[in-house]
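This report refers to the structure that appears directly beneath it.
Chain letters run A, B, ... following the sequence lines, proteins first and then strands; every chain starts at 1. Keep in mind that what you see is a predicted model, and the values were worked out from it rather than measured.
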Amino acid sequence: MSGAIESKSVTRKFSLGRAFMWLILAFVIFATIFPFWWVVRTGLTSPNSVFQDTTNLLPVDPTTQNYERTLGMLDTQDAVAAGGSGQSIDFIGSLKNSIIFSTLITIFQVAFSTMAAYAFARLRFPGRNFLFGLYISALMVPAIVTLIPNVILVRNLNWLDPSRQLLPFIPCGIPYIPCTKGWYVYMAMVAPYFFMTPFAVFFLRQFFLGINPDIEHAARIDGAGYWSVFSKIVLPVSRAPIATLAIITFIASWNEYLWPSIVGRGVDHRVLTVALAFFRSSQPYGRPDWPGMMAATSLAIVPVLILYMIFGRRVLDSIQFTGFK
Amino acid sequence: MAALSPKRRQRVRPKYSRNEIIAAWLFLLPSLIGFIAFYAVPAVRGLMISFTDLNPIALNQETNFIGLANYEKLLGVGTEIPFWKTDFGNALKVTVQYVLWNIPLQTILAILIAVLMDRLTKSTLVRGIILIPWLMPNVVVALLWLWLLDPGLGLIAVILENTGIEGFLQGIEWLNFKGFGFLGNINQAIPAIAGINIWRHVGYTALLIFAGLQTIPKSLYEAASIDGAGEASAFRHITIPLLRPVLAFVLVTSVIGSFQIFDTVAVTTQGGPIAATKVINYLIFEYAFERNDMGLATAVSVLLFLILIVVSLIQLRLLRADEADV
């Protein structure tokens, strides 16, 4: 067989193979996106029509009532009349809780972890490697091991009592002064994530180690203190990885379920994931309110999607980073 | 110490500046509070609780040190019940089944997707789409699939029925297949939950592997093709060996994660039907927060930790041993 013929046949095979490969990839993309459409489609389907036309790609007998029910725009009677189960989900309330929960965690965890990461990367003190090793070994411990003692801890501190006031001397109901009841529960909810996670410290330390230390040394020689070197030289050049970490942290806390479902299970403190799980478990057995649940589910998807559309690039890059670790 | 000459002392340990030490501890202070209060102390406390009969609900009952009684109970010491029928034995069995359904399929699919992306497109959009399920809360993903996999109305069940696949499978006598029940069926619930989590994680895993593929020089493939190596042989002899570090990372972390499955079970099956999906973490949850038996619950969590250490060590050993062969 001459070389020319062989290379020709290789090219043809190659392009056929390529078309086939595209087909598989297209299917993967379809399988990724389509379930989300099915959630929206069901959310828009009238509860009385959910049993008909189960394969129709478009909502059957379309209505926005499920979304209105989820957002609490219909009262219970109307909701039941519309075909709901009469169970409701305080969507706006739990959205607020999710925002409080995730924002508090993100701001403080990232700030404190950045400081710790800088100390581990640059400052020299006895026991540094040992302590860093301890932090890293905490990555290996399954979350469930520390979960139970942590629940006992916040319970013993009496943080789970929603009637407890943060500042007992300020009564509720004074105009312009927010009622401080229930803040202990929020404290309990954020506590384990508030100060640090081993991953955050590790992630930023890796980055700090990669920065050229010469400028910092020069600033030190010029008499700058450790804090001003950190805040005026290191932080400005580290904006990108810190922002990346903040986004990962925010999404991770937004998705957190087990811990907030244990310490924040009261109606006033449920985050979105917990409220959704409660909504699901309160459905009548055998005949759940699928359109209502799917409406709530699709609404819960929206905040993550918006964040992802804005910061998607950073999230993708962070995966590149983890992979190369 | 005083006997040492200054020069020698300098060699033995680096010179620390007092100010730097103080600054360092101040930088570390907030994270240390969190580390000690919510990681270090709880880890030790968890171990200690596992030797007691702590029950926070029984107020007047004193907490007693009961030695290894919790562990003996879990491992079925002194009972006639076979280990796999005990609570813990069943949880371990179910969890291992889950891991065995989850990891191989997920890893193979992820490698396939990563190779496809590597060959076809570097598009950020494609990568961005593939990652979406991983960004969603477990609870959302679980609810989504609970609906798609509903045995009566769910799209998957309807498609399988309408296309005749279900009927075809039922027709094969030796399969003894009674129809799709998915999450409600004792034999299908674990594969169904594994499928749900594969859907959520496969894109993320594919991106990790894709990142690894980018580090393999393209010239190696060109050289191999000049030497007459086909696609398959290039994949076997170039891609897989050079991908080994990334694969090791992916496998170890995803197996560790897989052993700790909880959210999906909690939302979809709550351990059922019967105990077919009562995975280790769900058993711990039940012991701790339904039975309030903190001692037993922490004992299971300690056992889980030990299992994870052993599994990780075995994996690392295997992956490293292979590396030496190449």
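For the options A:Ile262, A:Leu147, A:Thr114, heavy-atom pairs under 4.5 Å to chain B are most numerous at A:Ile262. The choice from A:Gln109, A:Arg313, A:Arg280, A:Glu256 that makes the most heavy-atom pairs within less than 4.5 Å of chain B is A:Arg280. In terms of non-hydrogen atom pairs under 4.5 Å with chain B, the most contact-rich of A:Phe108, A:Trp227, A:Tyr193 is A:Trp227. Contact count versus chain A (heavy atoms, under 4.5 Å) is highest, among B:Val158, B:Leu155, B:Leu143, B:Leu153, for B:Leu155. Looking only at heavy-atom pairs under 4.5 Å with chain A, the residue among B:Ser17, B:Gly46, B:Ala24 that has the most is B:Ala24. Ranked by non-hydrogen atom pairs under 4.5 Å with chain B, the options A:Ile148, A:Leu272, A:Leu134, A:Val304 are led by A:Ile148. If you tally non-hydrogen atom pairs under 4.5 Å between each of B:Thr298, B:Ile21, B:Leu120 and chain A, the highest count goes to B:Leu120. Chosen from A:Ala300, A:Ala116, A:Pro142, the residue pairing most often with chain B at heavy-atom distances under 4.5 Å is A:Pro142. Between chain B and the options A:Ile29, A:Val201, A:Val141, A:Thr42, the largest number of non-hydrogen pairs under 4.5 Å is found for A:Thr42.
The CZ atom of B:Phe262 sits 6.0 Å away from the OG atom of A:Ser261 when rounded to the nearest 0.5 Å. Distance check: B:Ile22 CD1 to A:Tyr226 OH gives 10.0 Å after rounding to the nearest 0.5 Å. Atom CZ of B:Arg127 sits about 7.5 Å away from atom CG of A:Asp317, to the nearest 0.5 Å. For the atom pair B:Leu28 CG and A:Tyr135 OH, the distance stands at 5.5 Å (nearest 0.5 Å). A distance of 11.5 Å separates OG1 of B:Thr121 from CE of A:Met21, quoted to the nearest 0.5 Å. We find the CZ-CG distance between A:Phe195 and B:Leu32 to be 11.0 Å, quoted to the nearest 0.5 Å.
Using the six-membered ring where Trp is involved, B:Phe27 and A:Tyr118 have ring planes that are tilted, between 30° and 60° apart.
With a threshold of 4.5 angstrom between heavy atoms, A:Val39 approaches chain B through side-chain atoms but not through N, CA, C or O. No part of A:Val274 comes within reach of chain B, as not one of its non-hydrogen atoms sits under 4.5 angstrom from that chain. The contact between A:Val28 and chain B is made entirely by side chain atoms (from C-beta outward), counting heavy-atom distances below 4.5 Å. Within the 4.5 angstrom heavy-atom criterion, no atom of B:Ala142 approaches chain A. Heavy atoms closer than 4.5 Å to chain B are found in both the backbone and the side chain of A:Ala191. If you measure heavy-atom distances from A:Leu131 to chain B, the contacts under 4.5 Å come from the side chain alone. Using a 4.5 Å cut-off between heavy atoms, A:Arg155 touches chain B through its side chain atoms alone. B:Arg18 does not touch chain A: none of its heavy atoms, backbone or side chain, sits under 4.5 Å away. With a threshold of 4.5 angstrom between heavy atoms, B:Leu47 does not approach chain A through any atom at all. Proximity to chain A is limited to the side chain of B:Asp150, based on heavy atoms less than 4.5 angstrom apart. Only the side chain of B:Ala288 comes within contact range of chain A, with heavy atoms under 4.5 Å apart. Heavy atoms of B:Phe305 lying under 4.5 Å from chain A belong to its backbone as well as its side chain. Both the backbone and the side chain of A:Leu25 come within less than 4.5 Å of a heavy atom of chain B. Both the backbone and the side chain of A:Thr32 come within less than 4.5 Å of a heavy atom of chain B. Proximity to chain B (any heavy atom under 4.5 Å) is restricted, for A:Ile251, to the side chain, taken from C-beta onward. For B:Phe259, no part lies near chain A; criterion is any non-hydrogen pair under 4.5 Å. With a threshold of 4.5 angstrom between heavy atoms, B:Leu146 approaches chain A through its backbone and through its side chain. For B:Leu308, the part sitting under 4.5 Å from any heavy atom of chain A is the side chain, from C-beta outward, and nothing else. For A:Phe20, no part lies near chain B; criterion is any non-hydrogen pair under 4.5 Å. With a threshold of 4.5 angstrom between heavy atoms, B:Ile49 approaches chain A through side-chain atoms but not through N, CA, C or O. B:Gln260 touches chain A through its side chain: at least one heavy atom from C-beta onward sits under 4.5 Å away, while N, CA, C and O do not. For B:Leu207, the parts sitting under 4.5 Å from any heavy atom of chain A are the backbone and the side chain alike. If you measure heavy-atom distances from B:Ser225 to chain A, you find no contacts under 4.5 Å at all.
Without hydrogens or angle criteria, A:Asn255 side chain to B:Asn138 main chain gives no donor-acceptor distance under 3.5 Å. With hydrogens and angles ignored, the 3.5 Å screen pairs no side-chain donor or acceptor of A:Trp290 with any backbone N or O of B:Gly154. The backbone N or O of B:Gly128 sits less than 3.5 Å from a side-chain atom of A:Tyr308, completing a donor-acceptor pair. Panel note: side chain A:Arg124, backbone B:Glu20; no donor-acceptor pair is recorded below 3.5 Å.
Of all non-hydrogen atoms in A:Met196 and B:Ser31, the two that sit nearest each other are CG-O, 3.5 Å. Among all heavy-atom pairs drawn from B:Ser312 and A:Met140, the shortest one is OG-CE, 4.4 Å.
Between B:Trp199 and A:Phe36, a ring centre-to-centre spacing shorter than 6.0 Å is recorded.
More than 12 heavy atoms of other shown residues, nucleotides or ligands fall within 6.0 angstrom of atom CZ in A:Arg220.
B:Leu144 is not listed as a side-chain neighbour of A:Trp38, based on a closest heavy-atom distance of 4.5 Å or more. A:Leu153 is listed as a side-chain neighbour of B:Phe38, based on a closest heavy-atom distance under 4.5 Å. In this structure, the side chains of B:Tyr39 and A:Thr197 come closer than 4.5 Å at one or more pairs of heavy atoms. Side-chain contact between B:Leu208 and A:Ile319 is present, with at least one heavy-atom pair separated by less than 4.5 Å. Counting heavy atoms from C-beta on, the side chains of B:Trp147 and A:Thr297 never come closer than 4.5 Å. A:Tyr257 is not listed as a side-chain neighbour of B:Pro137, based on a closest heavy-atom distance of 4.5 Å or more.
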Quiz item: Could you walk me through whether B:Leu54 and A:Ile152 pass the side chain to side chain contact (heavy atoms under 4.5 Å, CB included) check?
Solution: CA-CA 10 Å; B:Leu54 176 64; A:Ile152 295 172; 3.5 Å; yes
Quiz item: Passes side chain to side chain contact (heavy atoms under 4.5 Å, CB included), A:Val151 versus B:Phe289? Steps please.
Solution: CA-CA 10 Å; A:Val151 172; B:Phe289 303 111; 3.7 Å; yes
Practice problem: Begin from the C-alpha positions of A:Leu305 and B:Met136 and carry the test side chain to side chain contact (heavy atoms under 4.5 Å, CB included) through to its verdict. | Solution: CA-CA 9 Å; A:Leu305 267 194; B:Met136 293 298 151; 4.0 Å; yes
